[in-house]
Novice: 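One structure, as structure tokens, below. Some questions next.
When reading the values below, keep in mind they use all heavy atoms of this one structure, side chains included, and skip hydrogens, waters and symmetry mates. Remember, it's a predicted structure, so these values are computed and weren't measured experimentally.
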Amino acid sequence: FGSIAIAATALTLSSCGDKERKGEASDETAVLRFSAIPDENTTGQAARFKPVADYLAKALDVKVEFVPSATYGASVEKFENGDIHLAWFGGVSGEQARQAVEGAEALAAGKKDLAFKSYFVANVATGLTRSEEFPTAIANMTFTYGSSGSTSGCVMPSHFIMEKTGKTPMEFFQKKPIGFSGAHDKTALQVQDGTFQAGVLSYGKYESMVKEGTIDPAKCVVVWETPPFADYNFTAHPALEKSFGEGFVAKLQKALLDCKDPAALKALGRDELVKVTNETFIPVAKVMEKVKFD
Amino acid sequence: MSILSVRDVSQNFGATSALSDVALDISAGEQVAVIGASGCGKTTLLRLLGLQTLPSSGQLAALGFDLSSPSRKGLREVRSRIGMLPQDLGLVPNLRVVQNVVLGRSGKRNVLGTVRDLLWPSRVEREKIFKILDRMGVAGKMYDRTDSLSGGQQQRVALARTLYQGAEVLLADEPLSSVDPARARDVLELMTGLSAEQGITLVVSLHQVALAREFFPRIIGLKKGKVLFDGKPTDEEISTLYDL
Amino acid sequence: MSILSVRDVSQNFGATSALSDVALDISAGEQVAVIGASGCGKTTLLRLLGLQTLPSSGQLAALGFDLSSPSRKGLREVRSRIGMLPQDLGLVPNLRVVQNVVLGRSGKRNVLGTVRDLLWPSRVEREKIFKILDRMGVAGKMYDRTDSLSGGQQQRVALARTLYQGAEVLLADEPLSSVDPARARDVLELMTGLSAEQGITLVVSLHQVALAREFFPRIIGLKKGKVLFDGKPTDEEISTLYDL
Amino acid sequence: MWLGRRWLVVALGVVFFLCVARLGADFVTHTPGSDPWASTIRFFSGAISPSLVDQNSSLPADADPFLSRLGDDLLRTIRYALIATSLAIPGGLLLGFFASEQWWPRNGAQVLFQLIRWPVRISLSLMRSVHELIWAIFFLSAFGDAPFSACLALALPFTGTLAKVFSELMDEQNRSPRDVITAAGGSGAQGFVATIFPMALPDMVSYSLYRFECALRSSAVLGFIGVETIGLSINRSFENGFYGEVWTALYVLIATVILIEGLGHMTRQRMMAGKARTRSSGLSESELRKAAPRDLFLRVNGVTWMVVIFMAFSIGEPLVTPMVEGQRSERLSRFLTKLTPDPIAPEKSLANWDERKEAWSEGSDQFVPWLADLWEHPGQEALINTLAMSVAAIIVAACLAILLIPWGIRTLANRNPLGLAMSRSFLPGVMGSLIRGFFVLTRAVPEYLYAFLLVGLMGPSAWPLVLALALHNVGILGRLWTEVVENQRRIIPSTILEVGGGRLQSYVAALLPMSLNRFILFFFYRWESCVREATVLGMLGVSSLGYYISIQQNFREYDDILFYTLLGAGLVVAGDLLSDFLRHRLRGENS
Ligand SMILES: Nc1ncnc2c1ncn2[C@@H]1O[C@H](COP(=O)(O)OP(=O)(O)OP(=O)(O)O)[C@@H](O)[C@H]1O
Ligand SMILES: Nc1ncnc2c1ncn2[C@@H]1O[C@H](COP(=O)(O)OP(=O)(O)OP(=O)(O)O)[C@@H](O)[C@H]1O
Ligand SMILES: [Mg+2]
Ligand SMILES: [Mg+2]
């Protein structure tokens with residue numbers, strides 16, 4: 001009861017403060033707060049997304065503020081609470097956000113996000129090579145995912161494992177424990193170092209690491225490529241219409257689709273944005289219900 | 001009228017019997033010395049008289065308060081009228097001397113009062129404490145940290161705290177052990193003087209038989225947890241008291 | 001040959017001067033009592049003799065070791081030959097009596113030896129400790145927790161620890177303060193007897209002038225940090241020593 | 001304690017082997033083709049060449065440079081840590097008071113007071129063990145993503161910890177002065193305020209400063225709410241493999257930690273030793289009073305902290321952002337729905353009480369099977385594994401720390417140990433600094449970092465996680481334990497030195513037994529945080545509470561998280577009982 005008592009006091013104290021401010025809140029000019037999941041190149045997240053904020057501010061003539069999010073969950077949580085009104089989500093987190101907020105809409109995605117894929121990789125010492133068939137041999141190897149909330153690093157690959165083998169990942173992999181490296185590049189490095197014999201990560205990250213030279217494609221071999229699925233997307237909160245006026249979401253969508261600003265596009269790591277709807281992500285939603293890890 | 005009464009009291013610690021079947025009556029204003037070999041139960045007896053522990057068996061009453069009574073109402077009030085100087089002094093080492101002494105009054109204060117006393121003692125109180133410390137010969141240390149005092153000085157500070165309490169009954173457990181002979185006489189004179197003046201009941205345990213005889217009309221001899229004599233002991237009694 | 005030598009030593013604590021310009025020489029096998037009013041500097045002097053603190057000024061040497069020498073090599077070895085019974089006893093309250101006593105030997109052990117002594121003292125050691133405790137009259141408490149003992153019992157345990165050390169020099173700070181008169185005589189007889197037998201140097205501070213006179217051929221009187229007399233004091237000297 | 005308490009050591013050994021049996025004894029599990037040193041070398045190469053500029057190439061050219069961002073993060077972290085700790089300390093004192101038994105009147109109706117003490121203690125356990133994530137979401141719901149939510153989310157569990165540790169420190173104090181007060185008719189509360197509190201103060205100040213340090217390091221809660229802290233910065237750089245950046249931030253963090261520790265040390269030293277009078281005094285009371293020794297350092301220090309805390313509250317970004325009325329209740333209602341177990345959760349997340357009641361009456365028959373299911377799989381197994389891993393980790397940490405601290409204790413590791421003159425060798429001093437440096441390093445480096453490196457070195461199994469937890473905790477236990485020993489009075493241990501014993505001997509024979517109870521207190525406290533440590537325990541798919549919490553976190557199954565959290569809380573409460581029992585026994589009481 002101690003905790004409850006404290007929390008209750010804190011609440012009453014602050015709600016007193018609220019009533020005083022009630023009038024003020026609506027007077028203030030509304031700010032469009034947006035956020036993004038921390039997927040890759042996460043240092044200086046605010047700096048990275050500033051060009052996007054700047055672009056939107058200019059295109060829509062509103063104040064735009066980027067709010068950093070420390071975890072995938074945090075960004076969804078804030079979206080649900082209406083602390084942010086627009087977010088650059090992954091496939092899974094976007095779907096979660098839309099399920100949590102009635103009327104939330106997926107607006108735009110990168111062109112490549114509509115046909116995103118993951119690479120199953122293996123250490124060269126396993127002797128596996130690239131094949132069209134799902135590599136069932138990895139069942140007897142140590143295996144690592146990225147973050148368990150990542151669409152391409154965990155959820156979709158698990159879906160394909162279930163589809164191809166009819167077993168859940170926990171049943172399929174014989175060598176325990178399964179790893180959750182936390183990030184795509186960690187997965188690649190751990191497989192290259194042989195800490196784990198095999199793993200799965202976003203194809204984009206793998207290719208950029210090969211290009212930078214941090215990964216040697218001869219040591220960390222791609223053994224299988226998943227079928228395409230939809231991933232990253234901009235999702236908007238219905239509250240936008242309330243604070244910025246009717247039709248604002250449509251304006252926002254248009255601004256995103258029309259974006260030619262190179263700095264903003266570079267921040268997103270996309271060449272152009274294309275239109276998507278909530279329906280685009282129905283397959284992901286179905287997968288989310290299936291995939292379980294216990 | 002008996003102000004402290006002990007009926008068939010025993011006190012055991014596990015297998016050790018510290019007191020067995022002790023019966024005593026002490027009337028108001030009496031001056032009693034408790035003597036006996038080390039380990040005979042003096043401390044245990046004084047702690048019982050101070051209503052600090054329940055005896056293993058027997059009846060105990062002080063200032064009309066019966067400790068074994070089911071209700072403990074009024075216990076604090078009774079305790080505030082009994083001053084106790086424990087053998088290990090019970091001083092807070094990292095407080096100043098004046099702060100330790102002021103705590104003697106805590107039975108007459110509430111919590112806020114105690115905090116005030118500790119942080120901002122009133123001028124009246126400070127002067128009163130100074131006077132008592134002066135009589136104890138440690139006034140010069142009034143604002144020093146208690147643990148920087150010598151053994152005998154600390155003992156006198158503890159005694160000062162007990163005197164400051166202004167109790168009707170004064171229980172002192174070997175208050176002279178680390179005090180030099182001249183000071184020991186001073187202290188005893190002070191205590192018996194106060195007792196005579198204000199009718200304070202005095203129960204003091206000590207090892208100096210000569211001093212006990214000189215200052216106390218009534219001497220209780222404890223031997224292995226039993227009362228050997230009670231009154232004015234003969235030399236013989238004294239020697240049976242101490243030989244093993 | 002002087003085994004403990006103190007030359008013009010002063011010791012200050014902030015503004016308090018606990019000892020000023022004390023000069024002393026104590027030869028091997030001597031039996032010395034240190035007396036003086038409470039707060040006169042007895043503890044300070046004994047701590048200096050035990051090489052425990054550096055004096056504020058002056059020169060100090062014990063068993064040929066000069067504490068102010070630049071290298072302190074051999075200090076531990078010298079300390080192990082000096083037994084010290086501090087006024088506040090320094091017993092570890094939650095160890096057993098036997099464990100506290102065995103620690104007297106730690107100067108002659110390494111760490112592993114100390115751990116072994118604590119956990120599995122050898123039979124020989126246990127028997128030796130039992131004998132010493134027996135002479136102190138607390139053998140029955142050998143396996144009790146030290147803090148369950150009475151004040152005087154604890155004091156004797158501490159003395160047993162010091163005797164168990166088997167040192168050449170024995171410094172005891174008021175070892176009799178909580179001990180009854182009969183035991184006090186016993187203890188002093190034991191100490192002076194050992195000293196005479198084994199040539200142990202004895203420096204004991206105490207408040208019982210009569211006992212000091214009876215047992216110690218040499219008595220040092222300290223007053224306000226200065227040596228008032230050194231030798232066999234007259235009654236007059238004693239009374240100037242204690243009156244303030 | 002030594003002779004009769006050998007069973008304690010034996011018990012620890014047995015428990016450890018039970019853990020090994022549970023987790024499997026294959027400590028190293030390499031597969032062909034593995035290069036165990038690769039990740040370690042990559043990581044430590046960053047130590048030699050810390051980065052002063054951004055390693056992230058995707059940042060725009062005009063972005064705030066790395067160092068300035070790091071500086072901002074540091075200041076922000078300090079600010080919120082100050083606010084959180086200054087909120088937690090008063091709460092900790094108050095609740096700690098009720099959780100201790102030192103204020104009870106003796107011979108009083110003890111049962112009645114137990115009835116106060118245990119509910120308080122159990123709710124404290126809940127405050128501590130409820131997962132950070134749940135606090136974060138709760139405060140996010142209640143106050144929005146304003147910094148104040150972060151501070152509260154930090155302050156609440158801190159209050160629980162502070163209260164627990166405060167109460168136990170108070171329970172460990174010498175009771176004789178308190179008994180004097182109660183014997184003089186004072187109340188238990190007075191005895192507490194006047195004797196126990198001042199005596200415990202040095203220990204409590206030490207611990208509060210340590211809490212402040214924890215607040216600086218703790219990034220999880222603050223990060224979740226969106227406050228960018230230095231811990232989050234390390235985490236981010238590490239995720240991206242920018243090891244140069246990681247080390248720069250680590251160096252900054254370590255420097256800050258050392259600074260705080262130095263300050264704490266000076267404060268404690270002054271509080272322990274007191275100050276001798278420098279002026280000789282006159283004879284009257286007022287002259288004495290004027291000449292009374294006063295420690296300027298302590299006063300200035302106290303005032304400075306006050307000022308700094310005030311500044312933390314008043315300067316910088318506003319702490320709370322206004323919220324429209326009604327919004328808060330909506331958010332809290334959603335939070336409640338999230339925590340409600342699936343079968344009895346209402347359809348809509350914004351349900352009113354009637355709808356909740358209806359959902360409950362409809363689903364209540366499903367509720368028990370739901371619980372039973374979760375318990376059957378995976379709750380039971382996760383609980384046992386978590387227990388095994390956390391216990392193994394804390395035992396390893398404790399063994400290491402107990403061997404290292406005697407060389408690190410400031411009061412021993414110098415030329416005048418415990419104030420006694422000893423050999424003039426500079427070795428102990430150097431050794432002391434090295435050991436304490438090691439402690440700072442091990443606790444400043446976050447445990448997930450160790451876990452990652454160790455998984456590389458040892459291959460995937462539960463053991464790298466256990467060792468990572470152990471390593472991090474060596475630093476923490478090392479610090480807490482050395483300070484316990486430093487806060488002991490010197491008279492007793494110095495007798496060992498007086499008879500010619502060495503520093504180590506006085507540690508083994510006096511300081512260790514005297515401090516044992518407080519050691520046990522901190523041992524259990526750290527064990528508790530191992531149980532809670534989801535970030536690390538979730539890193540591999542070892543069936544443990546941490547793993548399921550981190551999985552469900554991503555699937556947003558908060559009702560499941562609550563279930564796992566409560567299982568953990570059960571462990572914590574059990575640990576509390578055990579700690580209490582042990583310490584009573586060792587204190588020589590039989591309750
Ligand atoms: N808490 C305790 N646990 C076990 N035994 C105890 C405890 N307290 C006292 N005793 C034992 O009870 C006996 C009487 O102790 P007490 O302290 O009353 O003696 P005393 O007459 O005051 O002795 P001294 O003159 O040495 O202070 C002793 O044998 C002591 O060891
Ligand atoms: N650490 C200290 N700080 C300040 N003053 C001190 C300290 N230690 C001792 N003193 C002072 O030095 C003086 C001498 O103290 P010392 O302990 O030597 O007296 P003593 O002769 O042993 O007295 P007693 O018979 O009461 O034990 C006293 O006035 C004491 O207050
Ligand atoms: Mg006694
Ligand atoms: Mg002394």
Novice: In terms of side-chain heavy atoms, does A:T43 have a donor or acceptor partner in D:N240 at a distance below 3.5 Å?
Specialist: no
Novice: Does any part of the side chain of A:L189, heavy atoms only, come nearer than 4.5 Å to the side chain of D:S39, both counted from C-beta?
Specialist: no
Novice: Can you pull out every side chain to side chain donor-acceptor pair (under 3.5 Å) where at least one residue sits in residues 192-202 of chain A? Sequence neighbours excluded, please.
Specialist: A:D193-D:R42
Novice: Contact part of A:V155 toward chain D, heavy-atom cut-off under 4.5 Å: side chain, backbone, both or neither?
Specialist: side chain
Novice: Using 0.5 Å steps for rounding, measure from the CD1 atom of A:I84 to the CG atom of D:D145.
Specialist: 8.0 Å
Novice: Which region of A:P68, side chain (C-beta onward) or backbone (N, CA, C, O), has a non-hydrogen atom less than 4.5 Å from a non-hydrogen atom of chain D, or is it both or neither?
Specialist: both
Novice: Closer than 3.5 angstrom, by distance alone: can the side chain of A:K78 be matched with the main-chain N or O of D:L140 as a donor-acceptor pair?
Specialist: no
Novice: Give the minimum heavy-atom separation between D:V455 and A:Q190, together with the two atoms involved.
Specialist: CG1-NE2, 4.2 Å
Novice: Could you look at A:T142 and say if it's the side chain, the backbone, both or neither that has a heavy atom under 4.5 Å from chain D?
Specialist: side chain
Novice: Please flag which part of A:A74 lies under 4.5 Å from any non-hydrogen atom of chain D: side chain, backbone, both or neither.
Specialist: both
Novice: Less than 4.5 Å to any heavy atom of chain D: does that hold for the side chain of A:M170, its backbone, both, or neither?
Specialist: side chain
Novice: Ion pair present between A:R48 and D:D54, side-chain N to carboxylate O less than 4.0 angstrom?
Specialist: no
Novice: Pair A:E80, D:R556 - check salt bridge (Lys or Arg N to Asp or Glu O under 4.0 Å), show working.
Specialist: CA-CA 12 Å; A:E80 175 172 14; D:R556 294 170 43 86; 2.8 Å; yes
